[in-house]
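Counting starts at 1 for both ligands and their atoms, following the listed order.
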Amino acid sequence: MIIQPRTRGFICITTHPEGTAKNVHNQIEYVKSKNITEEGPKKVLVIGASTGFGLSSRITAAFGYNAATIGVFFEKPAAERKPGTAGWYNTAAFEKEALEAGLYAKSINGDAFSDEIKQQTIDLIKKDLGQVDLVVYSLASPRRNHPKTGVAYSSVLKPIGESFTNKTVDFHTANVTDITINPIESQEEIDNTVAVMGGEDWKFWIEDLKAAGVLAEGVKTVAYSYIGPELTHRIYKDGTIGMAKNDLEKTVPTINNLLADLNGVSYVSVNKALVTQSSSAIPVVPLYVSLLYKVMKEKGIHEGTIEQMERLFSERLYTANGNVPLDENGRIRIDDWEMREDVQKEVDDLWKIVTSENIHEISDIKGYSDEFFQLFGFNYDGIDYEADTNELVEVPSIK
Ligand code: NAD
Ligand code: NA
């Protein structure tokens with residue numbers, strides 16, 4: 001079928017299999033070009049492996065370190081005349097290239113919050129790998145069904161206390177407006193967001209993996225967080241999602257205790273702001289990212305998810321001397337370039353003056369929008385989007 005981009009609200013509801021394969025291929029080529037020589041992970045479980053940071057983590061482990069990877073995610077398979085989700089096609093492309101390179105790669109499609117998917121994952125590790133030495137936790141979800149109580153939680157993206165007014169952009173139209181986001185109405189909205197995006201499910205995973213004996217001596221596990229600048233604090237760091245991220249951080253000592261007898265260790269890595277399906281849903285953030293991209297590209301320090309994950313692995317998790325550099329709160333920081341004083345000063349100055357009239361000039365809104373559509377396989381050179389393409393692409397390991 002011929003597949004062209006179609007949007008509903010801020011999301012893109014179509015995906016192009018050849019374009020998503022190109023996205024995966026470009027990431028693989030980037031990682032291979034780094035010629036990593038240090039020892040790294042060998043058998044890796046990535047939870048949230050199909051898009052964004054999780055996909056790039058999987059690609060880095062596989063093509064940077066020749067690791068065997070198992071990926072868990074929640075995606076919609078392709079059907080006749082109904083393209084699959086981007087994460088489905090990403091995984092199809094990833095597995096194909098991994099198999100061609102002689103790398104083990106299998107995937108599990110289902111609800112990672114459930115006991116059932118955890119058990120399926122454990123069974124697969126036992127059958128094929130025995131144990132894993134790295135567990136990447138990269139879920140981003142608006143909902144979670146609690147596996148023990150059956151309660152369905154929904155997260156909210158809201159400030160706490162007063163309402164929050166700031167600039168925002170519709171990146172489809174480049175229209176800059178003020179937006180006022182109403183604050184939470186009850187503590188329950190914080191609790192629900194913590195239940196979805198906090199650390200409990202990460203802990204459940206590690207508990208179950210450990211009890212099943214599938215974690216190797218010296219295992220590492222890492223989950224991802226974000227902090228960002230003052231101007232997004234009310235909606236991010238100090239908002240409901242920030243409370244969930246605080247909870248994630250508080251889970252680190254608990255998981256470290258669980259892993260102590262294996263000499264294992266857990267980390268939260270604070271990553272930079274990027275265009276992903278999840279971040280484009282947060283008000284204010286896309287305008288900030290557009291300005292940030294402009295400034296970081298001008299300084300030659302721009303990174304996408306793959307550059308971030310390659311740096312996380314090679315310069316943080318698996319360094320030559322084995323030391324993992326941490327901040328004063330025990331976190332890995334790969335948002336270090338985003339948070340540089342000169343970068344933030346310039347973004348701040350631009351933030352004050354940005355309007356619908358000057359946005360194309362002073363921000364990288366075009367880069368934002370291009371990258372957003374690239375997440376769905378559109379906007380790639382060398383692909384004929386008028387031509388028929390086969391929408392029925394399979395993930396080799398999923399029957
Ligand atoms: P993403 O939406 O690109 O990826 C989310 C992944 O989770 C996908 O693989 C998806 O299939 C999977 N998933 C969602 N619900 C699931 C479920 N119920 N069961 C199984 N899999 C499920 O998101 P992302 O932006 O890469 O975010 C990953 C992590 O990185 C999050 O913790 C996020 O807060 C953090 N982070 C994001 C940014 C950013 O700017 N995007 C910055 C710093 C940190
Ligand atoms: Na991810």
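Atoms of ligand 1 found under 4.0 Å from any heavy atom of Ser50, numbered from 1 in the order shown, are 8 (C), 9 (O), 10 (C), 11 (O). Remark: ligand 1 atoms within the under-4.0 Å shell around heavy atoms of Ala49 are 9 (O). Listed by atom number, the atoms of ligand 1 under 4.0 Å from Gly52 heavy atoms are 3 (O), 26 (O). Listed by atom number, the atoms of ligand 1 under 4.0 Å from Tyr224 heavy atoms are 29 (C), 30 (O), 32 (O), 35 (C). Under a 4.0 Å criterion applied to the non-hydrogen atoms of Gly110, ligand 1 contributes the atoms 19 (N), 20 (C). Interface atoms of ligand 1 facing Glu75, defined by a heavy-atom separation under 4.0 Å, are 10 (C), 11 (O). Atoms of ligand 1 found under 4.0 Å from any heavy atom of Leu139 (numbered from 1 in listed order, with element): 7 (O), 12 (C), 13 (N), 20 (C), 21 (N), 22 (C), 31 (C), 32 (O). The contact set between ligand 1 and Ser225, taken as ligand atoms under 4.0 Å from a residue heavy atom, comprises 43 (C), 44 (C).
Proximity annotation for atom 14 (C) of ligand 1: of Gly71, Ala140, Ala86, Ala140 comes nearest, heavy atoms only. Within the set Phe53, Phe73, Tyr236, the minimum heavy-atom distance to atom 36 (N) of ligand 1 is found for Phe53. By heavy-atom distance, the residue among Ser57, Ser141, Gly48, Gly228 lying nearest atom 12 (C) of ligand 1 is Gly48.
The shortest separation from a heavy atom of Ala223 to ligand 1 is not under 4.0 Å, leaving the residue out of contact. Put simply, part of Ser138 is less than 4.0 Å from ligand 1, judged by heavy atoms.
Taking any N or O of Ala273, backbone or side chain, none lies under 3.5 Å from an N or O belonging to ligand 1. Any N or O atom pair closer than 3.5 Å counts here, and Met197 shares no such pair with ligand 1. The distance criterion of under 3.5 Å between nitrogen or oxygen atoms is not met by Gly54 with respect to ligand 1. In terms of polar-atom proximity, Val72 is not counted as a contact of ligand 1, lacking any N or O under 3.5 Å from an N or O of the ligand. Taking distance alone, with nitrogen or oxygen atoms compared against 3.5 Å, Asp111 approaches ligand 1 more closely than that limit. Considering backbone and side-chain N/O atoms, Thr51 comes within less than 3.5 Å of an N/O atom of ligand 1.
A cation-pi arrangement, defined by a distance under 6.0 Å to the six-membered ring centre and an angle within 45 degrees of its axis, is present between Lys148 and Phe204. A cation-pi arrangement is absent between Lys203 and Tyr137 under the rule of less than 6.0 angstrom and at most 45 degrees off the ring axis.
Rounded to the nearest 0.5 angstrom, Glu217 CD and Leu262 CG are separated by 6.0 Å. Rounding to the nearest 0.5 Å gives a distance of 10.5 Å between CD of Glu371 and CG of Asn379. To the nearest 0.5 Å, atoms CG (Asp336) and CZ (Arg333) are separated by 8.0 Å.
No more than 12 heavy atoms of other residues, nucleotides or ligands shown are found within 6.0 angstrom of CD on Glu80. For Gln187, the CD atom is densely surrounded, since the number of other residues' heavy atoms within 6.0 Å is greater than 12.
In this structure, the side chain of Lys250 does not engage the main chain of Gly198 through any donor-acceptor pair within 3.5 Å. Using a distance-only test at 3.5 Å, with no hydrogens or angles considered, a donor-acceptor pair links the side chain of Ser266 to the main chain of Val252.
In Lys245, the part holding a heavy atom less than 4.0 Å from any atom of ligand 1 is the side chain. Residue-level proximity to ligand 1 for Lys272 is carried by the backbone, the only part with a heavy atom below 4.0 angstrom. When heavy-atom distances to ligand 1 are checked against a 4.0 Å cut-off, Thr276 comes that close only through its side chain, counted from C-beta outward.
Tested against Lys272 for a side chain to side chain contact (heavy atoms under 4.5 Å, CB included), the candidates Ile334, Leu292, Thr305 yield a single pass: Leu292.
Cluster annotation: Leu326 and Tyr318 are assigned to the same hydrophobic cluster (Ile/Leu/Val/Met/Phe/Trp/Tyr, side-chain heavy-atom contacts under 4.5 Å, transitive). In terms of hydrophobic clustering, with Ile, Leu, Val, Met, Phe, Trp and Tyr side chains grouped at heavy-atom distances under 4.5 Å, Ile241 and Met243 are assigned to different clusters.
Closest non-hydrogen pair, Lys42 versus Asp133, comes out as N-OD1, 3.0 Å.
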